[in-house]
Amino acid sequence: MADVVKVTLPDGSAKEAPRGTRILDFVKGSIGAGLAKAAYFAKLDGEPVDLSRTLDRDARLEVVTTKSPEALEVARHDAAHVMASVVQKLYPGTQVTIGPSIEEGFYYDFARAQPFTPEDLEAIEKATNEAIAADLPFVREEVSLEEAVALFDGLGEKYKVEIIGDIARKGAKTLTLYRHGGWVDFCLGPHGPSTGRIGVVKLMSVAGAYWRGDAKNAMLQRIYGTAFFDRKALEAHLARLEELKKRDHRKLGPALGLFAFHEVAPGSAFWLPHGTTLYNLLADAMRRLVSRNGYQEVKTPLLFHKRLWEQSGHWGVYRENMFLVLDKESDPSLPVEERLSMSLKPMNCPSHYLIYKMARRSYRELPVRYFTVDVLHRNELSGSLGGLTRVRQFAQDDSHIFVMESQIPDEVERITGLMKTVYGAFGLEFTLRFSTRPPNPADRVGDDALWDKAEGALRAALDRLGLPWELNPGDGAFYGPKIDFVVTDSLGRKWQTCTIQLDYAAPERFDLSYAGDDNREHRPVVIHRAVYGSFERFIAILTEHYAGAFPAWLAPVQARVLTVSDRFDAWGREVADRLAAQGWRVELDHSSDKLGAKIRNAQLAKIPFALVVGEKEVEAKAVSPRRHGGADLQSMPLDAFAELLRREATPPF
RNA sequence: GCCGACAUAGCUCAGCUGGUAGAGCAACUGAUUCGUAAUCAGUAGGUCCCCGGUUCAAAUCCGGGUGUCGGCUCCA
């Protein structure tokens, strides 16, 4: 066996090193001191490893420096370890569980009878940063599972012992320990070289979290934090959080008169005049779009007898989420549970199936596309309600499309076309995620042949679209595979909005059929789809995306006329009236405020156009528009402004 | 639902260890008639989330409830 190993670098060049050389020493000696200083961890043949590991075989070596997002991810995991060590020092008797790095930071779950207070958090943060300053090396050690159990059992860490049991069941024989200072935890690694390299840690919040996320398990204390290599990056992150807070639809919605909540109706919004305008504009635009695309709008009952839900299967699996209603003519001697035999609909699908069944269908009329904007109710857990994104009452731009199997690819393409039109109009990027059958056959209906067919059809449709998509194996609905649209807003946040779901099960349950060209009965396939998703959630996304400054076509008030003084109110009034008569949404500010104040108020109300009217404008029968955001347009005749509105404020679809 | 925090005027917030509730903005009234992000003065506005308890006395302390917010596996 040669006592040198060949190390291939990312640029393709190869170097030799004595077998057993530490990666960090190799980098320092054979590549450069600068890289060694910036290095955080490394990859050997693509596998992440500590810099303290040795080169024992020929391998490709990639050095990951603190410039890489991957290094930050590792550093945050390092930070979780350091914080946990500090917590155990400060609060003896606290047990550790898990502490992963997450998208914007890290968390660590602790088992401790007493919750952490905000003051505790401050103390922990301070001590964590002190431990970082102490620059303790992370030391890796591999031990047998028996040794590990003995170690953690001895420390009284019963959650850790439980995790080791899981690891043993997965077939592992050894465990890697990481120590810093006198503290020890186990994890896959890698870690950075030492605590000092982490940078700066900021603790964000405490929260309860169930062990393994299951409400049946013990409640743990979770501490969320984040870490950055330098303070500046941390401050940028905190500034971004501030910006998010400013854009929060829960704040902007009531402030702009869009919607409000009241404690007598948790989870159900009151739509105020401006919000109702916005809601209706979105609904009207969608109605026009779908009616041009072969959809038929229908309205169905809100209240149904439970027999419908028994047939659809909801009564078994979804009953917890439905609002049940007492049938007062039911037998009073029956238990209340049985008298609650009516329910508010949580979904539109079954009623669309019933409409489909109200006539005998021919292959000639497929695809049949029903569209409904009706109020739906779902009884979400009180603790999960929040703003417009998690509500109990909402409406979807919901459709169910009945197709022959051969029509699936065309129909999916057609639906995706709608998505492109709509999301393009809002400047929202989206990516596609294809979810396939749940892995456990017990969690799905239909045999493998059916699933093969359904997945094949969706995949074929995806390929034809030519849009990039990623696979999300095993995440399909129990009745069929689906395509999810993940939208990215102006702040880079991702939202799962609409889905296209193939459903082979519902046609069976409801015995749906159509007469084919062979004059025999066939089963159609149902496609569930929504473009906005729910109006409530979509308005929340748009509000934050636009920071409340909606484009002119959507703005509840499109223009506000500002008179320079009340000598010009008559022309101001006429401007407002004439624009309103043409269907534009206009207000007049004839208060005795000075122009500067009127401008300011119009800006704060995020109205797209402020129309200044003074002496010049009266003489010229003109207005001087000023865009939200400050751009001052030249004075123009009123008709020219109306033309500008026609160009900019007409719904794009 | 569970864990934690919070709840004072329309909004943003102050109100110390218990002693008759305050500011700014908004609103209203008056004056001002003004050219691109705040004119001045005055007036009014409160079930201190709700229900109990302790106390001579509760926004404040205690208990219960409601609502809101942060969370409740991105799995060593």
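Heavy-atom basis, side chains included; hydrogens, waters and symmetry copies ignored. Chain letters run A, B, ... following the sequence lines, proteins first, then strands; residues in each count from 1. Just so you know, these numbers come straight off a predicted model, no measurement behind them.
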Roughly how far apart, to the nearest Å, are B:G30 and B:A44 at atom C1'? 14 Å
With rounding to whole Å, what would you report as the distance between B:C49 and B:A7 at their P atoms? 8 Å
May I ask you to establish whether A:Arg112 and A:Phe116 are in a cation-pi arrangement, using a distance under 6.0 Å from NZ or CZ to the six-membered ring centre and at most 45° from the ring axis? yes
Categorize A:Glu617 for me: base, sugar-phosphate, or nothing, with a 4.0 angstrom heavy-atom threshold over every strand shown. base
Tell me, do A:Ser624 and A:Glu617 make a side-chain contact under 4.5 Å, heavy atoms counted? yes
Whole-Å distance separating the CE atom of A:Met219 from the P atom of B:G4: 8 Å
Side-chain donor or acceptor of A:Tyr210 under 3.5 Å from a matching atom on the base of B:G71? no
Pick base, sugar-phosphate or nothing for A:Lys598, based on heavy-atom distances below 4.0 Å to the nucleic acid. nothing
Within 6.0 angstrom of A:His590 NE2, more than 12 heavy atoms from elsewhere: no
Is A:Arg76 positioned over the aromatic face of A:Phe228, cation under 6.0 angstrom from the ring centre and no more than 45 degrees off axis? yes
Counterpart base for B:U73, defined by Watson-Crick or G-U wobble contacts under 3.5 Å: none
Quantified in whole Å, what is the P atom distance between nucleotide B:U68 and nucleotide B:A31? 46 Å
When we call it a touch if two heavy atoms are under 4.0 Å apart, what does A:Arg567 touch: a base, just sugar-phosphate, or nothing? sugar-phosphate
Using the C1' atom in both, what is the distance from B:G42 to B:A57, to the nearest Å? 36 Å
